[in-house]
Amino acid sequence: MRNRVLLTVTTLFTLAAFACASGESVTYLYLKASQLDQSGKLDEAFRVYNMVLTREKSPTLYIKIADLERRRGNLKNASDLLERAGKEYPENADIAFAYGAYCIENARLAESVNETKPSKETKSADEAKSAEKRDKWLNEAKKAFKTAAKLNPTEQNLVACAFAATELMDYDGASEIYKRLINELGKTEYYRPLGFLKIGEGKRSEGIADIKKAAELNDIQAFIDLASLAREDNDTAGAVNYLMKAREYEPEAVTINLYLADIYKDMKDFSSAIRFYIQASENTDWKTRIALLKQVGGMAFENKNFNAAFDAYNVALLNDGDDPQLYYLTGYAALRGGRADEAFRIFDSGIKKFPNYAMLRKLSAQSLIVLKKPKEAIEVIEKIDEVERDREYYLILAGAYFEMPDRTKAISVIEKGLKENPNSVELYLVLAEQYEKEKKYEDCISALKKALDKDPDSASALNFLGYLYADLNRNLDEAELLLNRALTLDPYNYAYLDSKAWLFYRKGKYSDAYNLIQKAIEINADDPELLEHLKLIKKKLPSGKKK
């Protein structure tokens, strides 16, 4: 078979060579031009095609040469060539369509305005000229497409005609063409563009009615469009309803599930949002799937739905065990969700693959502290390279020693951490907390003042010092200033509200204290310290206010 094909090609070239002896034949020239075109030699191909054109004209040849000229960067010349061809072959729909397409390209080019013009006046003048050129080309396109549709009323020609009419804002003309496509060719999918044309004209209810006709004929995109229109009208329930109907036909469609997830996310219904994000991820490529699952996990984590975050991250981890960040995210979600044993298992697996990834060691140690295994925690975290030993390292290591308990060693670790990280407010706060537990109040106050020297806007340090003063029943005016600043920074923090309530209690302002403790309890009704303070405050209230 191969030899026969080779013989045929050889024969063709032999015949062509024979023809050349008495002048190159049209067939030979056409073949030569085609080969030059395929080889990327556009200028030579254009020259040879034009040689053919001088001997034998045809609509196909005109279209081919015009396409070649366009690819050579001469769109205007290509358009002019097809315009001439249209006059030679007025009954050829293909030439009319190709000319219309080039007119559209010219219109697009005319829309661009030179942004480097020095003045607004010059730019404005250019925009006016561009608009005039654009409309001129669009009118040419409309005429050409209309001719093509008249000669050969195919879907392609009619749609092109409708497009040009729409660009020229001839909505009535475009609508008539879409109606023709629907009624004559039975193309019911054009109810959608017809509907949007009517909406563009300000006939919103009529337009939506047409899009609903498309939906009734099971056009999935029509359901999605109706959902978008419903959201524009703030009809969230309607949008969800349309998307759910679309899912009946394509339950695994990524676009539909993502759209539903976004709507539920905006509605703060995070469990539903997560469910649809996960469903969308199941039908995407590997990279998109991982990215979506990370997004789901992050959203769940932000909303303190740590179990949902774990589920999403864990699926991602099962799909990509070579990403150290996924071990960190999955394990951390488990840790925050109260599953320290599961967290340790994940961190330990990650450490075996990535022994030098410091964050995995830190969190593994943290999970071991929660599991009451401080010695194992110290062993894990102390393997972190010295260059990676940041403030978190010292905080976790100190926490392990506090758990043992070895307060002397823990404080020594914090002090060493402060030498390495002298601006760490967190280290000062931990140090202050330990001094408070040991009733070393002056040391505690000193550590808190150093924290505030480093960051005067640390709400935690402001609250801690303010509450300590109130609890010690000293410096109460200063305490009030500190707590006011803390609440300015974080006005809905129940602990800060409790601190100020306790300050008012110390000052004898029992009604003010009662009002504040009530606000704190509205935010967190389960905190035992709040309830204890409430009891003490209520005892000081006049009998009429004790409820």
Working for salt bridge (charged side-chain N to carboxylate O under 4.0 Å, His left out), residues Asp311 and Arg275: CA-CA 11 Å; Asp311 290 342; Arg275 176 164 57 91; over 6 Å; no

Ring center gap for Tyr264 and Phe276 short of 6.0 angstrom: yes

Side chain Asp219, main chain Gln221, donor-acceptor under 3.5 Å: yes

Aromatic ring pairing Phe306/Phe301, orientation class (parallel under 30°, perpendicular over 60°, tilted between): perpendicular

Verdict with reasoning, Lys187 to Glu155, per salt bridge (charged side-chain N to carboxylate O under 4.0 Å, His left out): CA-CA 9 Å; Lys187 300 291 182 178; Glu155 180 181 1; 3.4 Å; yes

Straight-line distance of Leu462 CG to Ser499 OG, nearest 0.5 Å: 11.0 Å

Side chain to side chain, Tyr496 and Ser460, heavy atoms closer than 4.5 Å: yes

From Leu395 atom CG to Gln366 atom CD, the distance as rounded to the nearest 0.5 Å: 9.5 Å

Side-chain donor/acceptor of Asp512 to backbone N/O of Asn515, under 3.5 Å: no

Neighbour count above 12 (heavy atom, 6.0 Å) for Glu232 CD: yes

Donor-acceptor side-chain pairing of Tyr259 and Ser228 below 3.5 angstrom: yes

Minimum side-chain heavy-atom gap Met404-Ile378 below 4.5 Å: yes

Whether Ser458 side chain and Leu452 backbone form a donor-acceptor pair below 3.5 Å: no

Distance in Å, Ile224 CD1 paired with Ile211 CD1, rounded so as to fall on 0.5 Å steps: 12.5 Å

Residues Arg134, Glu167: salt bridge by 4.0 Å N-O rule: yes

Heavy-atom check, side chain of Tyr328 versus side chain of Leu363, under 4.5 Å: yes

Lys535/Glu529 salt bridge by N-O under 4.0 Å criterion: no

Pair Asp210 + Lys213, salt bridge at N-O below 4.0 Å: yes

Candidates Ile414, Val430, Asn421 - the one meeting side chain to side chain contact (heavy atoms under 4.5 Å, CB included) with Tyr394: Asn421

Residues Gln325 and Lys294: side-chain donor-acceptor under 3.5 angstrom: yes

Backbone N/O of Tyr467 and side chain of Lys500: donor-acceptor pair under 3.5 Å: no

Salt-bridge criterion met for Glu403 and Lys372 (N-O under 4.0 Å): yes

Flag side-chain contact, heavy atom, 4.5 Å: Asp498 against Ile521: no

Heavy-atom donor-acceptor pair, Asp235 side chain to Gly238 backbone, under 3.5 Å: yes

Taking every non-hydrogen atom, the tightest pair across Leu468 and Cys444: CD2-SG, 3.7 Å

CD on Glu532 to CD1 on Ile537, rounded to 0.5 Å: 10.5 Å

4.5 Å side-chain heavy-atom contact, Tyr435 and Ile411: yes

Carboxylate-amine/guanidinium contact Glu342 Arg345, below 4.0 Å: yes

Flag if over 12 foreign heavy atoms under 6.0 Å of NZ, Lys383: no

Minimum heavy-atom distance between Ile369 and Ala400, given as atom pair plus value: CD1-N, 3.5 Å

Beyond-backbone contact of Val296 with Val315, side-chain heavy atoms, under 4.5 angstrom: no

Over 12 foreign heavy atoms within 6.0 Å of CE, Met244: yes

Ring centres under 6.0 angstrom apart (Tyr505, Tyr510): yes

Main-chain N/O of Pro422 paired with Arg391 side-chain donor or acceptor, under 3.5 Å: no

Reported CD1-to-CH2 distance for the pair Ile290 and Trp286, which is rounded to 0.5 angstrom: 6.0 Å

Asn463 to Ala486 - nearest heavy-atom pair and separation: N-CB, 4.0 Å

Lys/Arg cation over aromatic Tyr401: Arg407, 6.0 Å, 45° cone: no

N-O pairing of Glu388 and Arg361 below 4.0 Å: no

Exam field: side chain Asn524 to backbone Ala520, donor-acceptor pair closer than 3.5 Å: no

Ring centers of Tyr332, Phe347 separated by less than 6.0 Å: no

Heavy-atom pair of closest approach, residues Tyr469 and Ala479: CB-CB, 3.7 Å

Electrostatic pair Glu282-Arg289, nearest N-O below 4.0 angstrom: no

Main-chain N/O of Asp443 paired with Ser446 side-chain donor or acceptor, under 3.5 Å: no

Nearest atoms (heavy-atom pairs only) where Ile381 meets Ala365: CB-CB, 3.8 Å

Neighbour count above 12 (heavy atom, 6.0 Å) for Glu379 CD: no

Leu360 side chain reached by Asp348 side chain, heavy atoms, under 4.5 Å: no

Close side-chain approach of Lys449 to Tyr428, heavy-atom, < 4.5 Å: no

Ile220 vs Ile256, side-chain contact (heavy atoms from CB on, under 4.5 Å): CA-CA, chis, key distance, verdict: CA-CA 9 Å; Ile220 304 301; Ile256 296 168; 3.8 Å; yes

CG-CG distance between Leu536 and Leu541, expressed to the nearest 0.5 angstrom: 11.5 Å

Test item: side-chain donor near acceptor, Trp502 and Asp471, under 3.5 Å: yes

Asn314 side chain vs Phe310 backbone, donor-acceptor pair below 3.5 Å: no

Cation-aromatic face contact Lys509/Phe504, 6.0 Å, 45 degrees: no

Which atom of Gly207 lies closest to which atom of Ile199, heavy atoms considered: CA-CG1, 4.0 Å

Lys507 and Asp477 ion-paired at < 4.0 Å: yes

Side-chain donor/acceptor of Asn257 to backbone N/O of Ala253, under 3.5 Å: yes

